[in-house]
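Down below is the structure, laid out as structure tokens.
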Number of protein chains: 2
Amino acid sequence: MDVRTMCLGLLVKQEATGYEIKKAITNGHASIFYDASLGAIYPALNRLTEDGLVTCEELSQDKRPDKKVYRITTKGMNTFEMALLQPPTADKFRSDFLAAMFFCGQMPESRLVEILDEREEFHADRLAALKELEQESQSVGETFLTRYAMMYHASNVQFLKENRYLLEADQNEDDNAEAVQ
Amino acid sequence: MDVRTMCLGLLVKQEATGYEIKKAITNGHASIFYDASLGAIYPALNRLTEDGLVTCEELSQDKRPDKKVYRITTKGMNTFEMALLQPPTADKFRSDFLAAMFFCGQMPESRLVEILDEREEFHADRLAALKELEQESQSVGETFLTRYAMMYHASNVQFLKENRYLLEADQNEDDNAEAVQ
DNA sequence: CGCTAGATATATCAGACTGATATATGACAG
DNA sequence: CTGTCATATATCAGTCTGATATATCTAGCG
């Protein structure tokens with residue numbers, strides 16, 4: 001799902017500014033399955049406006065910078081619904097953490113242990129944050145997503161606790177082998 | 001981890017051609033946590049060669065097009081080890097499937113059911129493929145990654161079976177509400 | 001009081017990357 | 001003979017990231 005389609009989808013749910021869309025993607029339920037930079041969001045909104053899929057209204061604010069509120073049009077609704085009927089493309093996933101595990105033979109053991117500890121903490125933190133997000137679920141889709149993300153992070157914590165010995169033991173063997181030489 | 005660093009890492013393990021690197025990323029253990037296009041791999045290898053981090057040897061082949069074999073240099077080894085010492089960046093994840101679940105209120109129920117069925121099948125297929133990949137694990141990192149991926153896909157299948165009713169029930173209610181109107 | 005950091009807002013841009021396409025050799029199936 | 005697939009190389013238009021820029025205001029700290 002490209003950034004324009006994602007913006008359309010969020011605007012189906014609620015009119016928003018570019019800044020609010022970025023916040024929804026960063027902190028809301030959409031953060032579970034999507035990310036996009038401001039560098040992509042603002043041009044996408046401009047393009048959607050040019051194409052007549054959304055409208056843009058500039059508003060002044062007290063004590064705040066002026067803002068641009070985007071609303072989806074009927075044409076935009078139709079375009080989004082057509083997009084949803086396309087087959088979903090494959091997930092896109094890149095993990096520096098898993099890459100580090102893949103190349104763990106090339107790193108010092110102390111570094112490996114540090115990364116594993118940080119990763120367990122990261123997943124535990126995300127789990128706690130999701131308990132709060134769960135209160136904010138307003139549709140079955142959001143509930144489903146939150147439960148999915150909680151399952152994901154909980155199973156990652158458990159997997160790390162149960163399997164990190166595989167990597168740590170090997171490093172001990174490596175270090176011992178080095179000491180013997 | 002950008003494409004140049006990933007190429008370096010794979011070349012630490014084994015000299016390879018651009019085509020072989022793409023295959024390793026698509027079919028090997030690296031596919032669990034990474035993807036990159038040929039459009040990024042070939043320019044990355046060229047840049048690594050220019051920077052002296054790898055060498056490039058052109059070989060003729062019988063019954064096959066000529067190939068370019070890349071080997072890492074000592075400078076490349078050092079660069080890669082330095083890269084591994086940097087803090088891992090956040091995972092990058094985009095899921096069209098989860099996006100479809102997020103926007104499921106905007107799609108017909110038949111479509112939703114179809115997507116859920118396909119997704120269960122996808123995870124089951126990946127699980128079967130990983131059982132084969134497991135036989136090919138040659139390091140503790142590869143074993144760890146394979147187990148991680150198997151856990152990931154198995155828990156996704158289970159989660160879908162146990163939770164898809166949330167989405168399907170709501171759609172039934174929506175459809176029934178529409179029928180009543 | 002002044003400074004810094006953060007939130008709220010908009011936006012741009014160099015460089016990295018995707019996905020499609022192109023060309024080429026050869027094997028295999030229909 | 002044709003089409004598809006595997007093995008190989010490569011390019012490129014368009015998309016996107018991550019950093020940066022500018023601006024208004026509030027809150028906290030010394």
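All values reported here derive from a predicted model rather than from experimental measurement. Labels below follow one simple rule: chain letters A, B, ... track the order of the sequence lines, proteins then strands, and each chain is numbered from 1.
No engagement by Asn46(B) is indicated, since no non-hydrogen atom pair under 4.0 Å with the nucleic acid exists. Residue Asp62(A) is classed as having no contact, given no heavy-atom separation below 4.0 Å to the nucleic acid. Note on Lys92(A): only backbone sugar-phosphate atoms sit closer than 4.0 angstrom, heavy atoms only; bases stay farther off.
Ring orientation note: the planes of Phe97(B) and Phe144(A) are nearly perpendicular, at an angle over 60° on the 30°/60° scale.
Remark: P of dT24(D) and CD of Gln61(A) are 14 Å apart, rounded to the nearest angstrom. Computed from coordinates, the Tyr19(A) OH to dA23(D) P distance equals 18 Å when rounded to whole Å.
Phe103(B) and Phe80(A) have their aromatic ring centers within a separation under 6.0 angstrom.
Ranking dG26(C), dT18(C), dT9(D) by closeness to the Lys63(B) side chain, first place goes to dG26(C). Between dC25(D), dA16(C), dT8(C), one nucleotide has an atom nearer to the side chain of Arg4(B) than all others, and that is dA16(C). Among the nucleotides dT17(D), dT15(D), dT12(C), the one closest to the side chain of Pro43(A) is dT12(C). Proximity note for Lys23(A) (side chain, C-beta onward) versus dA16(C), dT10(C), dT8(C): the nearest is dT8(C).
Residue whose closest nucleotide on DNA chain C sits further toward the 5' end, between Leu38(B) and Ala44(B): Ala44(B).
Proximity of Arg64(B) to the phosphate of dT25(C): no side-chain N or O atom is located under 4.0 Å from OP1 or OP2.
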